[in-house]
Amino acid sequence: MKQLSSKSKKIIIAVTVCVVVLALVIAIPNIYLTQIGKQTQTGTPAGYEWSAQDSYDTQKITSLDMGDGEYKILVLTDIHRKNHGTFAKELGINYLLDGISEIAIKNLVKKNSPDLILVLGDTVLTSRNDIETEKFVKMMDSFEIPWACVFGNHDDEGRADKNKLAEILSDSEYGLFEYGPSDLHGAGNYVLSLEREGQTKYAIFMMDSGSSHEFEAKTDGINEKQVSWYEWNMQAFKEKSGEYPKNMAMFHIPLQIYTEFQSDYVMGERKEDSYPGNTDAGLLDSMLNLNGTHILAGHDHSNNFIVDYNSMKIGYATKSSYNCYFSMGMTGGTLITIDKDNNTTENIVEF
């Protein structure tokens, strides 16, 4: 067997040393940051107590003027910044995947020019969830477009609790996040009013569907008091305008009925089972009775289908990153376009 020359041995040694040094340069800071990431960050609850007997002040609702033309809503979900289960994250794979995903999101926004962006949770999954949430807010504000989000089941699986994350989101320049009633399930239950000539044409209900630590307690999902709050808001809208406006619900964990949708999709695909919350407390029935038009969730990354169910569009937003698991050809966003006559079309917009 031919032996390596002295020069070849030196090259191999040099390459090996470079690889080892590079690995250490990446790994040591990651290990250090993982340790400091365990420092608890606790925020102050910023909500208010709510009762169905409360009087309603429509001036407190965040309103957005849709103008007299098309109005486009881009829905993103499951971005999973610094996903803690990513393969070889200690070697910086997370940074690479997040970087590629951020470029893709920016291109998606530029290409579609939405008027509003909604983010349906699991934005981050890391011990340093406060830091990654701050970075995400900075990216979203760079678009100079109104945006709103809800929490997913993983966002608070880090050193910062939901109260701290809510403080960060509330400091956003273009963000519309509100803590909402403190006695509802989770944090971040609030309403957006899309208006033309001062009249609400669509109400968007942003709702917290629970956290991973609630699964075993069987409390994740949409709870009864959240449904009562939804109905209370809808009655107030009717009292103001004489009718129930069209309305959408946006949250992270799908409803139990999602398991029944196995075919007849008006768009998108199913490539995995649905993993719904433990309860929906009758939200779907209430929305069917109160002019509901859309329910969108995230959570199950390899599903982006939408069905037409009793004239409602129900389904998934499209996963919006390459971090954590995904199916090829099923990453990007879901675009809802409201035309000048307040009718909608839905499209999957891929990276």
A.B. asks: For residues Asn129 and Asp155, report the shortest heavy-atom separation together with the two atoms involved.
C.D. replies: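 Smallest interatomic distance, heavy atoms only, reads ND2-O, 3.0 Å.
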A.B. asks: Do His301 and His80 have ring centroids that are under 6.0 Å from one another?
C.D. replies: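 Here the rings of His301 and His80 have centres that are less than 6.0 Å from each other.
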A.B. asks: Hey, does the side chain of Asp156 reach the backbone of Asp161 with a donor-acceptor pair shorter than 3.5 angstrom?
C.D. replies: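 No, because the side chain of Asp156 does not come within donor-acceptor range (under 3.5 Å) of the backbone of Asp161.
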A.B. asks: Can you confirm whether Lys106 sits close enough to Val109 that some side-chain heavy atom of one is under 4.5 Å from a side-chain heavy atom of the other?
C.D. replies: no
A.B. asks: So which atom in Pro254 and which in Gly298 form the shortest heavy-atom distance, rounded to 0.1 Å?
C.D. replies: CD-O, 4.0 Å
A.B. asks: Using 0.5 Å steps for rounding, measure from the CH2 atom of Trp229 to the OG atom of Ser51.
C.D. replies: 14.5 Å
A.B. asks: Can you name the closest pair of heavy atoms from Phe237 and Pro245 and give their distance?
C.D. replies: CB-CD, 3.5 Å
A.B. asks: With ring centroids as reference points, do Phe351 and Tyr322 lie under 6.0 angstrom apart?
C.D. replies: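 Under 6.0 Å, so yes.
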A.B. asks: From Thr133 OG1 over to Gln41 CD, what is the distance, rounded to the nearest 0.5 angstrom?
C.D. replies: 11.5 Å
A.B. asks: From Ser193 OG over to Gln199 CD, what is the distance, rounded to the nearest 0.5 angstrom?
C.D. replies: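 These two atoms lie 9.0 Å from each other.
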A.B. asks: Kindly give the heavy-atom pair with the smallest separation between Val349 and Asn112, and that separation in Å.
C.D. replies: CG1-OD1, 3.4 Å
A.B. asks: In this structure, are over 12 heavy atoms from other groups packed under 6.0 Å from Gln256 atom CD?
C.D. replies: yes
A.B. asks: Measure from the side-chain N and O atoms of Asp280 to the backbone N and O of Leu255, and report whether any donor-acceptor pair falls under 3.5 Å.
C.D. replies: no
A.B. asks: Would you say the side chain of Pro181 lies within less than 4.5 Å of the side chain of Glu49, judging by non-hydrogen atoms?
C.D. replies: no
A.B. asks: Could you tell me which non-hydrogen atom of Asp208 sits nearest to which non-hydrogen atom of Gly186, and how far apart they are?
C.D. replies: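 Nearest pair, atom of Asp208 first, then Gly186: OD2-CA, 3.2 Å.
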A.B. asks: Same cluster or not: are Ile79 and Phe251 linked, directly or through other Ile, Leu, Val, Met, Phe, Trp or Tyr residues, by side-chain heavy atoms under 4.5 angstrom apart?
C.D. replies: no
A.B. asks: So, do Phe261 and Tyr265 have ring centers that fall under 6.0 Å from each other?
C.D. replies: no
A.B. asks: Examine distances only and state if a side-chain atom of Asn304 and a backbone atom of Tyr316 form a donor-acceptor pair shorter than 3.5 Å.
C.D. replies: no
A.B. asks: When you measure from the side chain of Thr279 to the backbone N and O of Ala281, does any donor-acceptor pair fall under 3.5 Å?
C.D. replies: yes
A.B. asks: Same cluster for Ile145 and Ile103 if Ile/Leu/Val/Met/Phe/Trp/Tyr side chains link at under 4.5 Å?
C.D. replies: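 Shared cluster, no.
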A.B. asks: Do we see a donor-acceptor contact under 3.5 Å between the side chains of Glu346 and His294?
C.D. replies: yes
A.B. asks: Should Glu272 and Tyr325 count as side-chain neighbours, where that means a heavy-atom distance under 4.5 Å?
C.D. replies: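 Yes - at least one pair of side-chain heavy atoms lies under 4.5 Å apart.
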A.B. asks: Does atom CG (Asn343) have a neighbourhood of more than 12 heavy atoms from anything else shown, all under 6.0 Å?
C.D. replies: yes
A.B. asks: What verdict does the side chain to side chain contact (heavy atoms under 4.5 Å, CB included) test give for Thr293 and Met312, after you've listed the backbone C-alpha separation in whole Å, the side-chain angles of each residue and the deciding distance to 0.1 Å?
C.D. replies: CA-CA 5 Å; Thr293 62; Met312 282 187 67; 5.6 Å; no
A.B. asks: For the pair Asp65 (side chain) and Glu197 (backbone), establish whether a donor and an acceptor sit closer than 3.5 Å, ignoring hydrogens and angles.
C.D. replies: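 Side chain of Asp65 to backbone of Glu197: no pair is present.
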A.B. asks: Could you walk me through whether Asn163 and Thr44 pass the side-chain hydrogen bond (donor to acceptor under 3.5 Å, both in side chains) check?
C.D. replies: CA-CA 6 Å; Asn163 294 329; Thr44 303; over 6 Å; no
A.B. asks: Is it the case that one hydrophobic cluster holds both Met234 and Met250, taking links as side-chain heavy atoms less than 4.5 Å apart, direct or via other members?
C.D. replies: no
A.B. asks: Just by distance, do the side chain of Thr200 and the backbone of Tyr202 share a donor-acceptor pair under 3.5 Å?
C.D. replies: no
A.B. asks: Do Thr259 and Ser274 meet the criterion of a side-chain donor-acceptor pair at a distance under 3.5 Å?
C.D. replies: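 Per modelled atom types, Thr259 and Ser274 side chains form no pair under 3.5 Å.
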A.B. asks: Between Tyr275 and Ile253, does a side chain to side chain contact (heavy atoms under 4.5 Å, CB included) hold up when you go through it step by step?
C.D. replies: CA-CA 8 Å; Tyr275 294 90; Ile253 303 175; over 6 Å; no
A.B. asks: Could you check whether Phe151 and Phe177 have their ring centres less than 6.0 Å apart?
C.D. replies: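 Ring centroids of Phe177 and Phe151 are less than 6.0 Å from each other.
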A.B. asks: Pick out which of His84, Glu132, Arg81 makes a side chain to side chain contact (heavy atoms under 4.5 Å, CB included) with Leu125.
C.D. replies: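 The passing option is His84.
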A.B. asks: Hey, are the side chains of Leu194 and Ile204 touching, using non-hydrogen atoms and a 4.5 Å cut-off?
C.D. replies: yes
A.B. asks: To the nearest 0.5 Å, how far apart are OG in Ser286 and CD in Gln226?
C.D. replies: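 Ser286 atom OG to Gln226 atom CD measures 12.0 Å (nearest 0.5 Å).
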A.B. asks: Under 4.5 Å between side-chain heavy atoms, hopping through other hydrophobics if needed: is there a path connecting Ile117 to Tyr71?
C.D. replies: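 Yes, Ile117 and Tyr71 fall within the same hydrophobic cluster.
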A.B. asks: Nearest 0.5 Å please: distance from the CD1 atom of Ile338 over to the CD atom of Glu70.
C.D. replies: 10.5 Å
A.B. asks: For the residue pair Ser212 / Asn153, report whether a side-chain donor-acceptor contact shorter than 3.5 Å exists.
C.D. replies: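 The answer is yes; a qualifying pair exists.
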A.B. asks: How about Trp232 and Asp54: do any of their side-chain heavy atoms sit closer than 4.5 Å?
C.D. replies: yes
A.B. asks: Please evaluate residues Asp122 and Thr77 with respect to the criterion side chain to side chain contact (heavy atoms under 4.5 Å, CB included), reporting the C-alpha separation (whole Å), side-chain torsions for both, the decisive distance (0.1 Å), and the verdict.
C.D. replies: CA-CA 7 Å; Asp122 279 7; Thr77 191; 5.9 Å; no
A.B. asks: Give a yes or no answer on whether the side chain of Asp339 reaches the backbone of Asn342 with a donor-acceptor pair at less than 3.5 Å.
C.D. replies: yes
A.B. asks: Quick check with a 6.0 Å cut-off and a 45 degree axis cone: is Lys89 positioned over the face of Tyr95's six-membered ring?
C.D. replies: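 That pair does not qualify as a cation-pi contact.
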A.B. asks: May I ask you to test the Asp300-Asp273 pair for a side-chain heavy-atom distance under 4.5 Å?
C.D. replies: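 No - every pair of side-chain heavy atoms lies 4.5 Å or more apart.
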A.B. asks: If we ignore hydrogens and angles and just use 3.5 Å, is the side chain of Asn247 paired with the main-chain N or O of Leu290 as donor and acceptor?
C.D. replies: yes
A.B. asks: Mind listing the closest non-hydrogen atom pair of Leu176 and Ala148 along with its distance?
C.D. replies: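 Scanning both residues, the minimum pair turns out to be CB-CB, 4.1 Å.
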A.B. asks: Please test Ser101 against Asn323 for side-chain hydrogen bond (donor to acceptor under 3.5 Å, both in side chains), starting from the C-alpha separation and ending with a verdict.
C.D. replies: CA-CA 8 Å; Ser101 299; Asn323 215 341; over 6 Å; no
A.B. asks: Please report the interatomic distance CE(Met287) to CG(Leu284), rounded to the nearest 0.5 Å.
C.D. replies: 8.0 Å
A.B. asks: Could you tell me whether the side chains of Gln235 and Tyr230 share a donor-acceptor contact shorter than 3.5 Å?
C.D. replies: no
A.B. asks: Go through it in stages, so that I can follow the logic: the residues are Lys164 and Thr42, the test is side chain to side chain contact (heavy atoms under 4.5 Å, CB included), and I'd like the CA-CA distance, side-chain angles, deciding distance and then a yes or no.
C.D. replies: CA-CA 5 Å; Lys164 180 62 178 180; Thr42 304; over 6 Å; no
A.B. asks: With ring centroids as reference points, do Phe136 and Trp147 lie under 6.0 angstrom apart?
C.D. replies: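 For Phe136 and Trp147, the ring centres are under 6.0 Å apart.
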A.B. asks: Do Glu195 and Leu64 have side-chain heavy atoms sitting under 4.5 Å apart?
C.D. replies: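 No, every pair of side-chain atoms sits at 4.5 Å or beyond.
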A.B. asks: Check the pair Glu350, Thr331 against side-chain hydrogen bond (donor to acceptor under 3.5 Å, both in side chains), reporting the backbone distance first and the verdict last.
C.D. replies: CA-CA 6 Å; Glu350 297 181 0; Thr331 55; over 6 Å; no
A.B. asks: Distance alone, cut at 3.5 Å: any donor-acceptor contact between the side chains of Asp183 and Tyr48?
C.D. replies: no
A.B. asks: Would a distance-only check, ignoring hydrogens and angles, find a side-chain to backbone donor-acceptor pair under 3.5 Å from Lys319 to Asp78?
C.D. replies: yes
A.B. asks: Verify the cluster assignment for Ile348 and Leu118: are they in a single hydrophobic cluster under the rule of side-chain heavy atoms below 4.5 Å apart?
C.D. replies: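 Yes, same cluster.
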A.B. asks: When you compare the side chain of Asn233 with that of Phe205, does any pair of heavy atoms fall below 4.5 Å?
C.D. replies: yes
A.B. asks: Look at the side chain of Asp130 and the backbone N and O of Ala160, then say whether any donor-acceptor pair between them is shorter than 3.5 Å.
C.D. replies: no
